Amino acid sequence: MLKLAVVAMAWRIFAMKDSDFEALLDNMDLSRDGTIHWHEVMHSEGFDRLPKDVKKKFQKAFTKADRDEDLVLTMEEFKHFYRDTERIMEQRDLKLVCRGTQDSV
């Protein structure tokens, strides 16, 4: 069942259209400059409730996605960042589910 959930999540991300990414970027783009700065990620909904280790992984994903190292993400860079952060959250969720399954055995 868990494998099916992972496949479904991967397919959902793969199937996202440019307009989906544009809407996400527009929602996060507080400065309205068409790019995403790290401080905009930090102020995005739910970020403050993430565990420290996940926040650090997000920051690494941001740095990795920022291919031209200008400290902001363009639309193409944002797509990579978003996909990486989704994978980070999937891994975290799977770890929590597996831990819960082990606890109930």
Side-chain angles (χ1 to χ4, degrees):
M1 186 68 169
L2 286 178
K3 289 181 183 178
L4 181 60
V6 171
V7 170
M9 177 63 84
W11 178 250
R12 183 182 66 80
I13 294 168
F14 176 75
M16 288 181 68
K17 299 175 183 155
D18 283 345
S19 59
D20 298 324
F21 285 108
E22 289 168 6
L24 286 167
L25 187 139
D26 186 59
N27 187 45
M28 290 178 68
D29 184 14
L30 301 175
S31 63
R32 314 310 298 157
D33 65 355
T35 63
I36 296 296
H37 302 253
W38 176 246
H39 71 87
E40 292 170 321
V41 174
M42 292 181 356
H43 287 95
S44 62
E45 185 178 343
F47 186 84
D48 59 332
R49 294 185 302 272
L50 293 173
K52 255 186 195 178
D53 65 315
V54 173
K55 290 178 184 179
K56 286 180 182 180
K57 289 177 183 178
F58 272 37
Q59 191 165 22
K60 286 180 182 178
F62 185 95
T63 301
K64 178 182 165 193
D66 184 18
R67 295 189 173 161
D68 57 6
E69 300 179 352
D70 63 353
L71 304 178
V72 297
L73 302 182
T74 61
M75 176 57 73
E76 285 306 309
E77 293 170 327
F78 177 72
K79 289 177 185 179
H80 291 283
F81 172 70
Y82 183 81
R83 288 181 178 122
D84 283 350
T85 58
E86 285 293 312
R87 279 190 214 103
I88 291 165
M89 295 307 293
E90 284 174 24
Q91 291 168 356
R92 177 181 172 265
D93 292 347
L94 279 173
K95 198 182 294 183
L96 291 172
V97 168
C98 289
R99 187 181 309 147
T101 304
Q102 290 173 351
D103 291 345
S104 64
V105 173

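Just so it is clear, the structure is predicted and the values come from calculations on it, not from any experiment. Scope of the values below: all heavy atoms of this structure, side chains included, with no hydrogens, waters or symmetry mates.
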Inset, instruction - Fit a plane to each ring of Phe58 and Phe47, take the angle between them on a 0 to 90° scale, and name the class: parallel (under 30°), tilted (30 to 60°) or perpendicular (over 60°). - result: tilted

Inset, instruction - To the nearest 0.5 Å, tell me how far Leu71 CG sits from His39 NE2. - result: 11.0 Å

Legend entry - ILVMFWY network linking Val72 to Met75, side-chain heavy atoms under 4.5 angstrom: no

Inset, instruction - Mind checking the CG-CG spacing from Asp29 to Leu24? Nearest 0.5 Å is all I need. - result: 12.0 Å

Legend entry - Between CE on residue Met28 and NE2 on residue His43, distance to nearest 0.5 Å: 11.5 Å

Legend entry - Short side-chain to backbone donor-acceptor contact, Arg87 and Tyr82, under 3.5 Å: no

Legend entry - Validation row: Glu22, Asp18 side chains within 4.5 angstrom (heavy atoms): yes

Inset, instruction - Kindly compute the distance separating CG (Leu25) from CG (Asp20), expressed to the nearest 0.5 Å. - result: 12.5 Å

Legend entry - Lys/Arg N to Asp/Glu carboxylate O, Lys57 vs Asp84, below 4.0 Å: no

Legend entry - Stepwise side-chain contact (heavy atoms from CB on, under 4.5 Å) test for Leu50 and Met89: CA-CA 10 Å; Leu50 293 173; Met89 295 307 293; 3.9 Å; yes

Legend entry - Within 6.0 angstrom of Lys60 NZ, more than 12 heavy atoms from elsewhere: no

Inset, instruction - Is it possible for you to say whether Met16 and Phe78 belong to one hydrophobic cluster, with membership spreading through side-chain heavy-atom contacts below 4.5 Å? - result: yes

Inset, instruction - Spell out, yes or no, whether Val54 and Met42 are grouped together once hydrophobic residues are joined by side-chain heavy atoms under 4.5 Å, including indirect joins. - result: yes

Inset, instruction - Considering non-hydrogen atoms only, spot the tightest contact between Ser31 and Glu40 and give its length. - result: N-OE2, 2.8 Å

Legend entry - Residues Glu76, Lys79: salt bridge by 4.0 Å N-O rule: yes

Legend entry - Note, Thr35 side chain near Glu77 side chain (heavy atom, < 4.5 Å): no

Legend entry - Phe62 CZ to Thr85 OG1 distance, which is reported to the nearest 0.5 Å: 11.5 Å

Legend entry - Separation between CZ of Phe81 and CD of Glu86, rounded to the nearest 0.5 Å: 10.0 Å

Legend entry - Main-chain N/O of Asp70 paired to Asp66 side chain as donor or acceptor, under 3.5 Å: yes

Inset, instruction - Side-chain contact test, heavy atoms from C-beta onward, threshold under 4.5 Å: evaluate it for Asp26 versus Arg32 and give yes or no. - result: yes

